[in-house]
Amino acid sequence: MSHGTVRVQHQDPAVLRITLARPERGNTVDSDLIADLHGALDTAEKSDTCRLVLIDSPGQVFCNGMDMAEAAAEEAFGPPSGSTAFGPSSGSTGDEGLGPAASDGAGFFRLLRRITELPRLTLACVDGRVAGGGVGLAAACDLVHTTERGVFSLPEALWGLLPCTVLPFLIRRTGFRTAGTMTLTTLPLTAQEAVRRGLADDLSPDPGVLVRRLLSRLTKLDGRLIGEAKGYLSALHPLTAETEQRAVTSFARLAAAPGVREGMARFAAEGRYPWER
């Protein structure tokens, strides 16, 4: 079953496999991918037998995060006119006044939050590069498997941005120290470093062994308990509407700074960083 940007397969009655299916575009995050992932998660929730949702990607890239060309488009970011620095103003949903890319940021935050709350165990399987929003996608999952080829990075500061939407989910997984180091230095983590710092849980050539171990227990559980456990765990470290609004408005403000769009557009078109002339 195809949703355009992803392929969805019942690998087993207990396993729904979601494969990011735009490797030629680095599986970048845009409104289409967000919608298709929601559709795939709907499929998982409607299944009475599904216990495990596996997210993977073929090729050398898991997910490169934000679509630079789309984000750099004219009027992509509008002023957050319906918001204050601390949240939506009275009578505002928080999305008013945001351009398409900023609205996608809000949509991406809600997708990541849904993954954390999904009443199924979620497993990200990484076999290559993971950058920006891709790190958020992995961090939102309950478990992360990586091969030796896994490389994790938050390069947003190179373009004058911050991984605002990613950080609330990354901090829950790794703590402030690793999230802050990745943000401030933009240096990538190898697969071994990712496991050591808690960003990944398992390092092996193939996730199959881990999947079989998980299913040996998950298939013995009342499926309802997975949702109960994740709901309780989420309540212990809640992601609030204020957290979402701060992430979206902070990113929109940074993206509107002089030269940021131009730098993203140049990188999307020519592969050159802002300091390269």
Side-chain angles (χ1 to χ4, degrees), residues 1 3 5-21 27 29 33-57 62-63 65 107-127 130 133-147 150 152 165-166 168-174 194-195 198-204 206-239:
M1 178 168 47
H3 288 263
T5 67
V6 302
R7 294 194 304 273
V8 181
Q9 175 188 7
H10 285 280
Q11 190 169 303
D12 175 278
V15 181
L16 186 75
R17 181 179 182 180
I18 304 172
T19 300
L20 308 181
N27 295 314
V29 177
L33 179 63
I34 292 169
D36 289 346
L37 284 172
H38 273 299
L41 297 178
D42 289 342
T43 300
E45 290 204 57
K46 290 173 183 175
S47 170
D48 294 331
T49 60
C50 180
R51 296 289 186 274
L52 175 66
V53 174
L54 186 156
I55 303 176
D56 67 1
S57 171
F62 177 76
C63 175
F108 187 53
F109 187 100
R110 293 163 194 166
L111 171 68
L112 298 184
R113 183 169 58 196
R114 183 182 182 187
I115 292 172
T116 68
E117 298 171 352
L118 188 77
R120 306 289 186 270
L121 195 73
T122 52
L123 170 64
C125 294
V126 172
D127 186 30
V130 193
V135 172
L137 187 60
C141 290
D142 300 308
L143 294 169
V144 178
H145 172 274
T146 182
T147 69
F152 302 76
T165 300
V166 171
F169 300 90
L170 183 60
I171 287 170
R172 291 175 100 197
R173 171 168 269 276
T174 68
V195 171
L199 178 48
D201 303 284
D202 188 69
L203 170 59
S204 66
D206 187 336
V209 175
L210 175 61
V211 169
R212 288 191 291 274
R213 288 180 59 207
L214 292 172
L215 290 179
S216 72
R217 294 303 179 99
L218 292 175
T219 53
K220 296 177 177 66
L221 297 179
D222 180 341
R224 178 181 55 85
L225 287 177
I226 299 174
E228 289 284 346
K230 291 183 67 170
Y232 183 74
L233 290 166
S234 292
L236 294 177
H237 192 152
L239 293 165

Measuring only between side-chain heavy atoms, which start at C-beta, is [X] closer than 4.5 Å to [Y]?
X	Y	result
Thr146	Phe152	yes
Gln9	Thr19	no
His10	Thr43	yes
His145	Ser204	yes
Ile34	Val29	yes
Leu52	Leu123	yes
Thr116	Phe169	yes
Cys125	Phe62	no

Using atom types as modelled and distance alone, determine if a side-chain donor or acceptor of [X] lies under 3.5 Å from a backbone N or O of [Y].
X	Y	result
Thr122	Val53	no
Arg120	Ala44	yes
Lys230	Ile115	yes

Worksheet item: Within a reach of under 6.0 Å around CZ of Arg114, are more than 12 heavy atoms found that belong to other residues, nucleotides or ligands?
Response: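 Correct, the count exceeds 12.
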Practice prompt. Give a yes or no on whether Lys46 atom NZ has more than 12 heavy-atom contacts from other residues, nucleotides or ligands under 6.0 Å away.
Written response: no
Discussion item. Any salt bridge linking Arg173 with Asp201? Criterion: basic side-chain nitrogen under 4.0 Å from a carboxylate oxygen.
Written reply: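 Salt bridge between Arg173 and Asp201, a charged N being under 4.0 Å from a carboxylate O: yes.
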Practice prompt. Give a yes or no on whether a salt bridge exists between Arg110 and Glu117, defined as a side-chain N under 4.0 angstrom from a carboxylate O.
Written response: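 Between Glu117 and Arg110 there is no salt bridge, as every charged N stays at least 4.0 Å from the carboxylate O atoms.
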Practice prompt. Check the pair Leu218 / Leu121 against side-chain contact (heavy atoms from CB on, under 4.5 Å), numbers first and verdict last.
Written response: CA-CA 9 Å; Leu218 292 175; Leu121 195 73; 3.7 Å; yes
Discussion item. If you apply the rule side-chain contact (heavy atoms from CB on, under 4.5 Å), what do you find for Arg17 with Val8, and how did you get there?
Written reply: CA-CA 6 Å; Arg17 181 179 182 180; Val8 181; over 6 Å; no
Quick one: closest heavy-atom pair of [X] and [Y], and the distance?
X	Y	result
Pro238	Ala235	CD-O, 3.4 Å
Leu239	Pro168	CD2-CB, 3.8 Å
Thr219	Ala14	CG2-CB, 4.0 Å
Asn27	Ala21	OD1-N, 3.6 Å
Cys141	Ile55	SG-CD1, 4.1 Å
Ala140	Leu112	CB-O, 3.7 Å

Fill in: Step-by-step side-chain contact (heavy atoms from CB on, under 4.5 Å) determination, Val15 to Leu215
CA-CA 9 Å; Val15 181; Leu215 290 179; 3.5 Å; yes
Can you measure from [atom1] ([X]) to [atom2] ([Y]) and round to the nearest 0.5 angstrom?
X	Y	atom1	atom2	answer
Thr5	Leu20	OG1	CG	7.5 Å
Arg51	Leu225	CZ	CG	9.5 Å
Arg7	Asp56	CZ	CG	8.5 Å
Leu41	Leu16	CG	CG	8.5 Å
Leu111	Leu118	CG	CG	10.0 Å

Item to complete: Mind running side-chain contact (heavy atoms from CB on, under 4.5 Å) on Val144 and Leu199 for me, showing each step along the way?
Response: CA-CA 7 Å; Val144 178; Leu199 178 48; 5.6 Å; no
